[in-house]
Amino acid sequence: MFKAFLIKYAEIGVKGKNRYLFENALVDNAKRALDKIDGEFQVTKENGRVYATALSEYDYDEAVDALQHVFGIVGICPMVQIDDNGFDDLAENVVKYIEENYEEKNFTFKVMARRARKNYPMNSMEINAELGGRILDAFPQLRVDVHHPDVIINVEIRNHINIYSKILPGPGGMPVGTAGKAMLLLSGGIDSPVAGWMTAKRGVVVDAVYFHAPPYTSERAKQKVVDLAKIVSKYSGAMNLYVVNFTDIQMYIYDKCPHDELTIIMRRYMMKIAEHFAKQEGAHGLITGESIGQVASQTMQSLAATNEVCTMPVFRPVIAFDKQEIVDVSLKIGSYETSILPYEDCCTTFVAKHPVTKPNINVIKNSEKKLAEEIERMFDEAVNTAELIKIQ
């Protein structure tokens, strides 16, 4: 019976004169999400409300799932929308709504009317009382509970009249595309997809770079990262994924530099390469899945050493999360099962047995001098031969 959805937002509502920009972005993103499923939808905004109206037959579960992947939406309300043909017609439709939506008629309820159109002949309190009476007449087994009802029957008097009682959760956040762009260093682990998702939730467009090290890492490891990018892109939208062949750089660092500094120096070159693609894409920062103290390369001193090579800000959304908190988010967004597949990436293949945990930046720079001009040639080759995969 649901031919329309009322889409609720939260944080957008506190914006000032630029609020319409966020609303427009939300409308556009909802349209794109619904375009991917069977059926035709019209997404519109009207006086602080966003509506998705079905213009043809559609799959209800698919439509809800699509909207639940749109950042900025906090609630999805399947609703019946009717014209104003008088109170008797409204009451009949509310009774019909309950009849068709609730098989068991043994719950408590409350009517909550909102009269945005002030020329309606009854005020909100009168609508609540009169509709409550009509519902009790139709279903004597129901009971009114204005404090803790099982069901709230919402009635909004606007240009049309909206009737709904269910609010399905959305992902929250801000519409993607309202807060610039950033480049995610995406690995095959648990943390970086979560970091990308969390950044996109704040309205940031996310592209990604993955460091591949054949033959030490397999094509399955690469496909695993592509699959993770697809999972994140369900929320973040289309994504450019750069796959960088990092083998020569890793082996050269391995041969020339102290092994306890291996991870730090490799990370520094990863950051340099990621920043190269970030600038190419017009991004404003880098994103990593680093969390303080999780591994040797994520101590405060190690993070400072890797940051030192960047001119862009580095965003670390999970910096203060413990591992279980990160796992919980990965389960929520559906990336966990893919992340734990046993295909190693370059970060886990070349790990020093006793990595330095408090690197001195001057010592690291001195070690990097051993790489001389050859590392610059390898850098250029790595960025010029990177594979671009467009994640839709």
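Source: prediction; values computed, not measured.
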Practice prompt. Verify the ring-centre separation between Tyr269 and Phe379: is it less than 6.0 angstrom?
Written response: no

Item to complete: Please report the shortest heavy-atom distance between Pro171 and Val70, naming the atom on each side.
Response: CG-O, 3.1 Å

Discussion item. Given 3.5 Å as the limit, does a donor-acceptor pair link the side chain of Lys390 with the main chain of Leu241, or not?
Written reply: no

Practice prompt. Would you check if Val232 and Met239 make a side-chain contact, meaning some heavy-atom pair closer than 4.5 Å?
Written response: yes

Item to complete: For Lys15 and Glu23, run salt bridge (Lys or Arg N to Asp or Glu O under 4.0 Å): C-alpha distance rounded to whole Å, both residues' side-chain angles, the deciding distance at 0.1 Å, then the answer.
Response: CA-CA 10 Å; Lys15 297 296 179 183; Glu23 290 178 333; over 6 Å; no

Worksheet item: Any donor-acceptor pair under 3.5 Å linking the side chain of Asp322 with the backbone of Gln324?
Response: yes

Fill in: Atom pair NZ (Lys31) and CG (Leu26), whose distance is rounded to the nearest 0.5 Å
11.5 Å

Worksheet item: Is the side chain of Ser367 donor-acceptor paired with the backbone N or O of Val363 at a distance under 3.5 Å, no angle test?
Response: yes

Worksheet, complete the sentence: The reported gap from CE in Met312 to CG in Asn307 (rounded to nearest 0.5 angstrom) is 13.5 Å

Discussion item. Would you compute the distance between atom CD1 of Ile231 and atom NE2 of His69 and round it to the nearest 0.5 angstrom?
Written reply: 9.5 Å

Fill in: Closest heavy-atom pair and its distance - Ser330, Val327
OG-O, 2.7 Å

Worksheet item: Is there side-chain contact between Leu67 and Phe41, with heavy atoms separated by less than 4.5 Å?
Response: no

Worksheet item: Under the 3.5 angstrom rule, does the side chain of Asn29 hit a backbone N or O of Val176 as a donor-acceptor pair?
Response: yes

Practice prompt. Measure from the side-chain N and O atoms of His259 to the backbone N and O of Tyr254, and report whether any donor-acceptor pair falls under 3.5 Å.
Written response: yes

Under 3.5 Å, which donor-acceptor pairs do the side chains of residues 136-147 form with other protein atoms, sequence neighbours left out?
unit_1, atom_1, unit_2, atom_2, d
Asp145, OD1, His147, N, 3.0
Asp145, OD1, His148, N, 3.0

Practice prompt. Can you label the angle between the Tyr210 ring and the His212 ring as parallel, tilted or perpendicular, going by 30° and 60°?
Written response: tilted

Worksheet item: Counting only heavy atoms not in Lys332, do more than 12 fall under 6.0 Å of its NZ?
Response: no

Worksheet item: Counting heavy atoms not belonging to Lys105, are there more than 12 under 6.0 Å from its NZ?
Response: yes

Worksheet entry | Criterion salt bridge (Lys or Arg N to Asp or Glu O under 4.0 Å) on Lys222 and Glu387, from CA distance to verdict | CA-CA 11 Å; Lys222 173 182 168 183; Glu387 177 187 3; 2.5 Å; yes

Worksheet item: How are the rings of Trp197 and Tyr235 set to each other: parallel, tilted or perpendicular (split at 30° and 60°)?
Response: perpendicular

Fill in: Minimum heavy-atom distance Gly289-Val318, with the two atoms named
O-CG2, 3.5 Å

Item to complete: Go through the steps for Arg377 and Glu381 under the test salt bridge (Lys or Arg N to Asp or Glu O under 4.0 Å), then give the verdict.
Response: CA-CA 6 Å; Arg377 182 195 65 78; Glu381 183 177 356; 3.1 Å; yes

Worksheet entry | Residues which pass ring-ring contact (aromatic ring centres under 6.0 Å, His included) with Tyr120, listed by chain and number, not counting sequence neighbours | none

Discussion item. Counting neighbours of NZ on Lys234 that are heavy atoms of other residues, nucleotides or ligands and sit closer than 6.0 Å, is the number greater than 12?
Written reply: no

Discussion item. How about CD on Glu57, more than 12 heavy atoms from neighbouring residues, nucleotides or ligands closer than 6.0 Å, or not?
Written reply: no

Practice prompt. Sequence neighbours left out, what passes side chain to side chain donor-acceptor pair (under 3.5 Å) with Glu275? Give chain and number order.
Written response: Thr311

Practice prompt. Write down the atom of Ala208, the atom of Leu186, and the distance for their closest heavy-atom approach.
Written response: CB-CB, 4.1 Å

Discussion item. Whether the side chain of Asn162 engages the backbone of Gln81 through a donor-acceptor N/O pair (distance < 3.5 Å, no angle test) should be reported.
Written reply: no

Worksheet item: Among all residues two or more places apart in sequence or in another chain, which pass the ring-ring contact (aromatic ring centres under 6.0 Å, His included) test with Tyr51?
Response: none

Discussion item. Checking the side chain of Glu281 only, and the main-chain atoms of Met183 only, is there a donor and an acceptor separated by less than 3.5 Å?
Written reply: no

Fill in: Side chains of Phe5 and Thr53 in contact at under 4.5 Å (non-hydrogen atoms)
no

Fill in: Close side-chain approach of Asn154 to Ile163, heavy-atom, < 4.5 Å
no

Worksheet item: Going by heavy atoms in the side chains, are Val383 and Val244 under 4.5 Å from each other?
Response: no

Item to complete: Taking atom NZ of Lys45 as the centre, report whether more than 12 heavy atoms of other residues, nucleotides or ligands fall under 6.0 Å from it.
Response: yes

Fill in: Heavy atoms from other residues, nucleotides or ligands near OH of Tyr60 exceed 12 (cutoff 6.0 Å)
yes

Fill in: Test side-chain contact (heavy atoms from CB on, under 4.5 Å) applied to Asn101 - qualifying residues, sequence neighbours left out
Met1, Phe2, Tyr97, Lys166

Practice prompt. Kindly give the heavy-atom pair with the smallest separation between Asp89 and Asp83, and that separation in Å.
Written response: OD2-O, 4.0 Å

Worksheet entry | Side-chain touch Thr299/Ile292, heavy atoms, less than 4.5 angstrom | no

Worksheet item: Step by step, would you call Lys272 with Glu376 a salt bridge (Lys or Arg N to Asp or Glu O under 4.0 Å)?
Response: CA-CA 11 Å; Lys272 286 182 180 182; Glu376 299 303 322; 5.0 Å; no

Worksheet entry | Tyr58 side-chain N/O to Glu40 backbone N/O, donor-acceptor pair under 3.5 Å | no

Fill in: Separation of Cys77 SG from Lys8 NZ (nearest 0.5 Å)
4.5 Å

Worksheet entry | Over 12 non-hydrogen atoms of neighbours within 6.0 angstrom of CZ in Arg19 | yes

Discussion item. Quick check on Arg117: does its CZ atom have over 12 non-hydrogen neighbours (other residues, nucleotides or ligands) under 6.0 Å away?
Written reply: yes

Worksheet item: Do the side chains of Met270 and Ile249 get nearer than 4.5 Å, heavy atoms only?
Response: no

Worksheet item: How does the hydrophobic cluster around Met112 look, that is, which other residues are in it when side-chain heavy atoms under 4.5 Å mark a link?
Response: Ile152

Practice prompt. State whether the side chain of Ser192 and the backbone N or O of Ser187 hold a donor-acceptor pair below 3.5 Å, judged by distance alone.
Written response: yes

Worksheet entry | Lys/Arg-Asp/Glu bridge criterion (N-O < 4.0 Å) met for Glu261, Arg268 | no

Worksheet item: Under 3.5 Å, is there a donor-acceptor pair between the side chain of Asn18 and the main chain of Leu21?
Response: no

Worksheet item: Is there a donor in the side chain of Asp84 and an acceptor in the side chain of His160, or the other way round, less than 3.5 Å apart?
Response: no

Item to complete: For the pair Lys256 and Glu368, find out whether any cationic side-chain nitrogen is under 4.0 Å from an anionic carboxylate oxygen.
Response: no

Fill in: Between Arg49 and Asn159: side-chain donor-acceptor atoms closer than 3.5 Å
no

Response to the item:
Taken to the nearest 0.5 Å, the spacing of Phe321 CZ from Asp191 CG works out to 11.0 Å

Worksheet entry | Side chains of Pro317 and Ile287 in contact at under 4.5 Å (non-hydrogen atoms) | yes

Response to the item:
For Gly189 and Pro193 the tightest heavy-atom approach is O-CD, 3.4 Å

Item to complete: Can you measure from CD1 (Ile265) to CG (Leu371) and round to the nearest 0.5 angstrom?
Response: 6.5 Å

Worksheet item: Going by atom types alone, do Asp227 and Thr338 pair a side-chain donor with an acceptor below 3.5 Å?
Response: no

